[in-house]
Amino acid sequence: MKTVFVTVGTTSFDELIDSITRPEAVQALKACGYERFVLQVGKGSLLPAADSCPPVQLEAYRFKDSIAEDMKQADLVVSHAGAGSCLEALGAGKPLLVVVNDKLMNNHQLEMAQQLHKDSHLLYCTCSTLTETLRTMDLSVLRPFLPGQPKIFANFLDKALGIQ
């Protein structure tokens, strides 16, 4: 069963959870063959019920000690743009769609998502463009982000954040 894993990390990003569970987003993912959604909702106020997204199977939780197993089982990861969540998904070799929270000020997350997209490691969008992105995404264009090279990632972060 093709699975989408959605993670907001340790934060609250209710807009992402709301957007991904809207009927038009669910239908777009269903059209791509996804039948199971696993949502990690963090500190948010939304915790969707298991029967809230027909025709897909839905599981939702706030936190676990580790999301590694959910990442491993996923066929697609949809994540907030936190560096830790992005690095974990890319390190697991999973296709990654990053949803940038455009309500954040001084949004370094957008810079990181743009650079990793430019290097063909992920796709990115905002909540307002999520459904259209799901309808038109081509995961075959993504290239693996080689794990085990923390220096390269650290240099990338320094560059993206304007430290270098």
Side-chain angles (χ1 to χ4, degrees), residues 2-30 32 34-54 56-92 94-117 121-135 137 139 142 145 153-154 156-158 160-163:
K2 279 180 76 173
T3 300
V4 176
F5 175 56
V6 180
T7 179
V8 303
T10 58
T11 64
S12 170
F13 193 4
D14 284 343
E15 189 179 6
L16 170 54
I17 301 303
D18 179 59
S19 297
I20 198 84
T21 56
R22 288 189 180 179
E24 54 274 17
V26 172
Q27 283 308 118
L29 284 162
K30 182 75 173 154
C32 294
Y34 298 99
E35 298 177 327
R36 180 173 171 253
F37 289 16
V38 178
L39 310 177
Q40 183 269 316
V41 304
K43 295 177 184 171
S45 60
L46 294 179
L47 187 61
D51 61 354
S52 64
C53 286
V56 298
Q57 177 184 328
L58 178 105
E59 301 166 34
Y61 63 89
R62 294 196 182 283
F63 299 104
K64 285 184 180 176
D65 289 340
S66 170
I67 61 172
E69 191 58 33
D70 290 319
M71 288 262 184
K72 182 179 169 188
Q73 291 179 8
D75 297 287
L76 171 65
V77 175
V78 177
S79 176
H80 74 127
S85 296
C86 291
L87 187 58
E88 188 166 357
L90 292 171
K94 297 299 176 173
L96 176 60
L97 171 59
V98 168
V99 182
V100 176
N101 186 346
D102 55 5
K103 310 266 187 299
L104 296 177
M105 302 297 276
N106 301 320
N107 200 345
H108 299 301
Q109 291 184 353
L110 176 60
E111 296 168 20
M112 183 183 72
Q114 287 173 327
Q115 183 63 50
L116 287 168
H117 173 75
H121 297 303
L122 57 78
L123 302 175
Y124 78 96
C125 64
T126 61
C127 288
S128 62
T129 60
L130 177 61
T131 297
E132 185 59 26
T133 302
L134 294 172
R135 285 186 184 126
M137 67 183 176
L139 300 177
L142 299 179
F145 184 85
F153 189 72
F156 159 75
L157 279 180
D158 287 347
L161 300 175
I163 297 171

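We're numbering straight along the sequence, starting at 1.
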Asker: Identify the two heavy atoms, one from Leu16 and one from Ser79, that lie closest to each other, and give their separation to 0.1 Å.
Answerer: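 Closest approach of Leu16 to Ser79: CD2-C, 4.3 Å.
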Asker: Kindly indicate, with the supporting measurements, whether the criterion side-chain contact (heavy atoms from CB on, under 4.5 Å) is fulfilled by Val41 and Leu46.
Answerer: CA-CA 7 Å; Val41 304; Leu46 294 179; 5.8 Å; no
Asker: According to side-chain contact (heavy atoms from CB on, under 4.5 Å), who are the partners of Glu59, at least two apart in sequence or on a separate chain?
Answerer: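 Here the qualifying residues are Arg36, Val38, Gln57.
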Asker: Taking side chain as C-beta onward, heavy atoms only, is His121 less than 4.5 Å from Leu90?
Answerer: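 Yes, at least one pair of side-chain atoms sits under 4.5 Å.
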Asker: Looking only at heavy atoms, which two atoms of Val99 and Thr126 are closest? And how far apart?
Answerer: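 Closest heavy-atom pair between Val99 and Thr126: CG1-C, 3.8 Å.
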Asker: Is there side-chain contact between Leu139 and Leu123, with at least one heavy-atom pair below 4.5 Å?
Answerer: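 Leu139 reaches Leu123 side chain to side chain.
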Asker: Are Cys125 and Leu134 close enough that some pair of their side-chain heavy atoms sits under 4.5 Å apart?
Answerer: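 A side-chain contact is absent here, since even the closest heavy-atom pair is not under 4.5 Å.
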Asker: Write out all pairs satisfying salt bridge (charged side-chain N to carboxylate O under 4.0 Å, His left out) with one or both partners inside residues 68-84, taking only residues at least two apart or from two chains.
Answerer: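 Listed once each, the pairs are Lys64-Asp70.
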Asker: For residues Leu96 and Cys86, determine if any side-chain heavy atom of one lies less than 4.5 Å from a side-chain heavy atom of the other.
Answerer: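 Yes, their side chains come closer than 4.5 Å.
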Asker: Please name the pair of heavy atoms, one in Met137 and one in Leu29, separated by the smallest distance, quoted to 0.1 Å.
Answerer: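 Scanning both residues, the minimum pair turns out to be CE-CD2, 4.2 Å.
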Asker: Hey, could you give me the CD/SG distance between Gln27 and Cys53, rounded to the nearest 0.5 Å?
Answerer: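 Interatomic distance, Gln27 CD to Cys53 SG, rounded to 0.5 Å: 10.5 Å.
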Asker: With sequence neighbours excluded, tell me which residues meet ring pair (Phe, Tyr, Trp, His ring centres under 6.0 Å) with Tyr124.
Answerer: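 For Tyr124 the ring pair (Phe, Tyr, Trp, His ring centres under 6.0 Å) partners, ignoring immediate neighbours, are His117.
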Asker: I'd like to know if the side chain of Glu35 and the backbone of Val56 have a donor-acceptor N/O pair within less than 3.5 Å.
Answerer: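 No, because the side chain of Glu35 does not come within donor-acceptor range (under 3.5 Å) of the backbone of Val56.
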Asker: Rounded to the nearest 0.5 Å, what separation is found between the CZ atom of Phe13 and the OG1 atom of Thr7?
Answerer: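 These two atoms lie 11.5 Å from each other.
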Asker: Got a second to check how far Phe37's CZ is from Leu39's CG, nearest 0.5 Å?
Answerer: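 Result: 8.0 Å between the selected atoms.
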Asker: Can you list everything that forms a side-chain contact (heavy atoms from CB on, under 4.5 Å) with Glu88? Sequence neighbours excluded, please.
Answerer: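 Applying side-chain contact (heavy atoms from CB on, under 4.5 Å) to Glu88 gives Ile67, Ala68, Met71.
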Asker: To the nearest 0.5 Å, what is the distance between CD on Glu15 and CG on Leu130?
Answerer: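 Answer rounded to 0.5 Å: 10.0 Å.
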Asker: Can you name the residues that form a side-chain contact (heavy atoms from CB on, under 4.5 Å) with Thr11, not counting sequence neighbours?
Answerer: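 Residues passing side-chain contact (heavy atoms from CB on, under 4.5 Å) with Thr11: Val8, His80.
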Asker: Between Thr21 and Leu58, what is the shortest heavy-atom contact and its length?
Answerer: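 Closest approach of Thr21 to Leu58, heavy atoms only: CG2-CD1, 4.4 Å.
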Asker: Taking only residues two or more places apart in sequence, or in another chain, which ones meet Arg135 in a side-chain contact (heavy atoms from CB on, under 4.5 Å)?
Answerer: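 Here the qualifying residues are Glu24, Ala28, Thr131, Glu132.
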Asker: For residues Ser19 and Ala25, report the shortest heavy-atom separation together with the two atoms involved.
Answerer: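 Minimum heavy-atom contact is O-CB, 3.2 Å.
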Asker: Which atom pair, heavy atoms only, marks the closest approach of Val26 to Ile20?
Answerer: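 Val26 and Ile20 have their closest heavy atoms at CG2-O, 3.8 Å.
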